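Keep in mind that what you see is a predicted model, and the values were worked out from it rather than measured. So that the names make sense, note that chain A is the first sequence line, chain B the second, and so on, each numbered from 1.
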Amino acid sequence: MNKQFKSKSQFALALSEFKRSRRGIVCLAILGILYFGAIFADFIAPYTYDSEARDYSYASLSKVHFVDENGRFSWPFVRELSFNFDEYHKRTYVEKDNTKCYFHLFNKGDAYKLLGLLKTDRHLFGVDSPGRLYIMGADVRGRDIFSRLIYGARISLSIGLIGVSISFTLGLLIGGVAGYYGGKIDNIIMRLCEMFMMVPGFYLMLALRSAVPDSFNSFQVYLAIVVILSFIGWASLARIIRGMSITLREREYVLAAKAAGVSDLKIIIRHILPHTVSYSIVAIMLSIPGYILGEAALSLIGLGIQDPIASWGNMLSDAMAIAHIQMHPWILMPGFMIFLTVICFNVVGDTLRDCLDPLLRGEVDGA
Amino acid sequence: MVPKIIKIQNLIVSVKQGEQSKNIVDKVSLSIAENSIVGLVGGSGSGKTTIGLSIIRLLAAALKIDGGEILFEGYNLLTYSGSKMREIRGKKIGMVFQEPLYAFNPVFRVGEQINEVLRFHTRLDVNKRKAKVLELIDMVGLPYPDKIYENYPHQLSGGMRQRAMIAQAIATEPKLLIADEPTSNLDVTVQAKIIELFQDLNKKLNLSILLITHDLGVVSHLCDSIAVMTNGKIVETGKTDEVMRSPKDKYTEALLSCS
Ligand SMILES: Nc1ncnc2c1ncn2[C@@H]1O[C@H](COP(=O)(O)OP(=O)(O)OP(=O)(O)O)[C@@H](O)[C@H]1O
Ligand SMILES: [Mg+2]
């Protein structure tokens with residue numbers, strides 16, 4: 001009974017260890033919120049990613065009024081804006097008097113299908129048109145940066161997950177096969193891995209990207225980028241899994257499985273790869289940022305996701321000129337989001353590693 | 001003459017040591033009659049396990065079969081391809097390893113692992129497989145099959161694991177069971193139970209057994225015939241009681257006088 005208690009609590013132990021780390025929990029919560037936002041982007045964003053308002057180009061954060069012109073408290077509202085040019089031909093916005101666009105929860109806005117199923121035009125919040133609510137300012141075409149950030153999260157955050165799942169499937173299988181069979185197969189696969197690892201990732205990425213036809217639509221480009229990024233990531237993982245698989249294949253239960261006539265692939269999947277799980281979870285967490293940054297880098301230099309579709313990388317390309325940053329600092333927001341996400345993944349990965357460490361040690365003892 | 005289930009002829013297994021190679025099994029011939037239990041005895045390092053592993057062709061990479069043939073139901077296993085061999089393993093020849101303590105994967109339940117073998121080799125559906133596994137666990141004399149099914153390997157004692165391993169090896173009702181030291185490391189009462197189990201299986205399932213051991217006590221209880229091995233060679237074979245009563249070889253004599 002004692003033993004049973006102990007065995008059941010091994011992963012539970014790691015979990016409770018994780019719960020004790022405040023940094024880990026906070027970062028996990030932030031990631032949770034980000035992914036939640038990405039999933040319900042249509043609902044949470046007050047505008048769609050391509051809802052333009054040229055009259056509001058680079059409008060700053062909206063001023064929300066709680067007091068009306070008579071000095072009385074009022075339901076919050078914003079005013080419409082008009083603009084003049086200053087001596088540098090920069091727009092300066094002034095509020096139009098006597099315009100009140102009230103703030104509403106569950107505001108009526110552009111129509112969309114929630115989760116691709118439910119047709120509706122309600123958004124979590126917004127103001128009456130023709131007013132525009134910019135809680136993080138507007139970009140050059142007057143599109144709401146906050147809305148675009150949320151839509152962009154869909155691309156930037158999903159690329160990490162999909163990319164990691166592809167490259168980990170590849171890395172686990174290829175590394176497992178190499179280590180399990182050894183000999184010539186191992187040699188060939190490892191030389192191949194080294195070839196991939198030798199080429200600097202960014203240049204490999206550019207080279208692969210140039211092979212993608214121009215005629216691709218944005219969804220195809222998205223897929224192409226995911227595939228390109230996963231192609232770069234699998235090799236280093238495969239090497240490590242191969243090392244683990246070389247020791248794991250000597251285990252008695254592998255011989256027993258062979259004696260029971262189980263096929264090699266089955267043995268690799270059932271008896272070898274599960275023992276690399278502690279390592280893999282940590283490695284996955286720590287490698288997701290690489291994909292997010294990879295997409296951002298490609299999109300930043302205009303080779304990734306194309307306007308008007310939003311991704312954090314292509315939104316940031318607006319911020320490449322220092323003058324723009326000086327005049328409208330809010331266009332740096334996507335950069336901050338990337339920073340936040342990358343930090344969170346790293347902290348969660350680190351915390352997980354600390355928690356799983358006793359398990360890893362247990363592996364070495366040959367439990 | 002009684003038909004043989006397996007016939008090993010002039011088997012040579014060598015190990016490479018640097019430039020030269022050494023024969024660790026040297027022209028061994030051994031056959032097992034259908035439905036009989038044969039004991040393979042010999043000192044440590046004499047090559048018993050190597051013979052067992054040669055039969056199912058799972059020798060370590062350093063070891064190589066250099067000659068001879070292994071006829072199973074009339075066909076030479078040494079000429080079989082990998083996939084054909086896989087069908088023989090588990091389905092027609094089961095093996096219980098010398099150290100069954102680690103023979104189960106620690107991350108899966110014992111029942112699942114026995115179940116896996118059935119899934120691989122039979123067409124039974126989920127429910128029938130589970131029923132069969134429970135029946136097997138019961139058959140090898142483990143208490144509370146339902147509970148054992150759900151247990152992880154480390155939750156069973158050494159003897160229990162050994163019996164679970166036997167259950168796995170006989171799951172597909174093989175013709176031949178190779179049992180490598182199934183009773184060493186076990187206390188006498190468990191030993192007696194396993195001997196009984198083997199006798200049972202031999203009668204009920206018509207299972208032939210190659211029992212590898214250095215324990216002559218077990219052999220005298222269980223085996224119809226016996227082969228004595230030392231230094232990679234078989235020095236004496238015969239009916240168990242005859243060999244026990246009047247050994248012809250010096251080594252056998254020494255072995256007998258020690259026990
Ligand atoms: N992988 C290997 N590499 C090199 N030599 C090996 C290897 N496996 C076994 N041998 C050698 O082969 C010989 C026979 O080994 P084997 O395991 O068959 O002995 P055994 O009769 O089963 O002994 P025991 O009763 O101790 O289990 C030993 O001398 C051993 O050193
Ligand atoms: Mg042995």
Side-chain angles (χ1 to χ4, degrees), chain A residues 1-12 14 179-187 244-281 356 359-367, chain B residues 49 52-53 55-61 82-110 112-121 147 150-157 161 164-165 168-172 174 177-178 180:
Chain A
M1 280 301 105
N2 201 5
K3 261 186 171 176
Q4 187 166 0
F5 176 70
K6 206 170 142 198
S7 83
K8 286 267 152 69
S9 61
Q10 269 200 348
F11 259 95
Y180 179 78
Y181 287 108
K184 236 184 232 145
I185 297 178
D186 181 31
N187 236 320
M244 295 173 123
S245 150
I246 284 177
T247 50
L248 288 167
R249 73 167 183 213
E250 302 298 335
R251 294 279 167 89
E252 285 269 338
Y253 51 77
V254 172
L255 190 63
K258 278 188 199 164
V262 181
S263 71
D264 291 343
L265 189 66
K266 257 270 173 58
I267 291 179
I268 292 173
I269 291 173
R270 292 250 323 158
H271 296 295
I272 293 197
L273 295 184
H275 294 269
T276 66
V277 109
S278 308
Y279 170 81
S280 299
I281 291 175
L356 288 170
L359 288 191
L360 290 175
R361 258 184 267 131
E363 271 296 313
V364 175
D365 292 343
Chain B
T49 301
L53 288 177
I55 296 175
I56 53 171
R57 300 254 314 272
L58 280 181
L59 287 171
S83 61
K84 232 171 152 188
M85 207 49 227
R86 251 198 310 277
E87 278 190 12
I88 298 281
R89 280 181 214 137
K91 186 155 191 180
K92 297 208 160 157
I93 305 180
M95 175 134 188
V96 179
F97 286 92
Q98 190 159 1
E99 274 140 63
L101 302 188
Y102 303 109
F104 284 105
N105 188 336
V107 302
F108 297 115
R109 295 170 200 280
V110 172
E112 280 169 19
Q113 295 187 56
I114 302 176
N115 203 320
E116 187 185 32
V117 179
L118 285 174
R119 196 173 63 220
F120 222 80
H121 289 293
K147 237 187 87 202
E150 300 294 333
N151 277 161
Y152 286 95
H154 70 265
Q155 292 171 298
L156 305 185
S157 74
R161 258 181 279 182
M165 187 72 213
Q168 188 184 40
I170 60 170
T172 51
L177 179 71
I178 303 170
D180 195 355

Under a 4.5 Å heavy-atom cutoff, which of B:Pro174, B:Gly94, B:Gly90 has the most pairs with chain A? B:Gly90
What residue, out of B:Lys91, B:His121, B:Met95, has the most heavy-atom pairs lying under 4.5 Å from chain A?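 Sorted descending by pairs with chain A, the first entry is B:His121.
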Minimum heavy-atom distance between A:Ala256 and B:Met165, given as atom pair plus value: CB-CE, 3.9 Å
Which atom of B:Phe108 lies closest to which atom of A:Pro274, heavy atoms considered: CZ-CG, 4.1 Å
Please classify the contact between [X] and chain A as side chain, backbone, both or neither, with a heavy-atom cut-off of under 4.5 Å.
X        : result
B:Leu58  : both
B:Arg119 : side chain
B:Ile178 : neither

Take atom CD in B:Glu87; do more than 12 heavy atoms of anything else shown fall under 6.0 Å from it?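 Not buried by this count: 12 neighbours or fewer within 6.0 Å.
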Any salt bridge (charged side-chain N to carboxylate O under 4.0 Å, His left out) pairs touching residues 259-271 of chain A, not counting sequence neighbours?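 Listed by first then second residue: A:Arg270-B:Glu116.
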Is there a side-chain contact between B:Pro106 and A:Tyr253 in this structure, where contact means two heavy atoms from C-beta onward sitting under 4.5 Å apart?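 Touching, per the 4.5 Å side-chain cut-off.
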Between B:Asn105 and A:His275, is there a side-chain heavy-atom distance shorter than 4.5 Å? yes
Short question: side chain of A:His271, backbone of B:Phe104 - any donor-acceptor pair under 3.5 Å? no
Could you list which of residues 179-187 of chain A have a heavy atom closer than 4.5 Å to any heavy atom of chain B, in residue-number order? none
Report the C-alpha separation of A:Val262 and B:Arg86 in whole Å, then their side-chain angles, then the decisive distance to 0.1 Å, and conclude whether the side-chain contact (heavy atoms from CB on, under 4.5 Å) test is met. CA-CA 7 Å; A:Val262 181; B:Arg86 251 198 310 277; over 6 Å; no
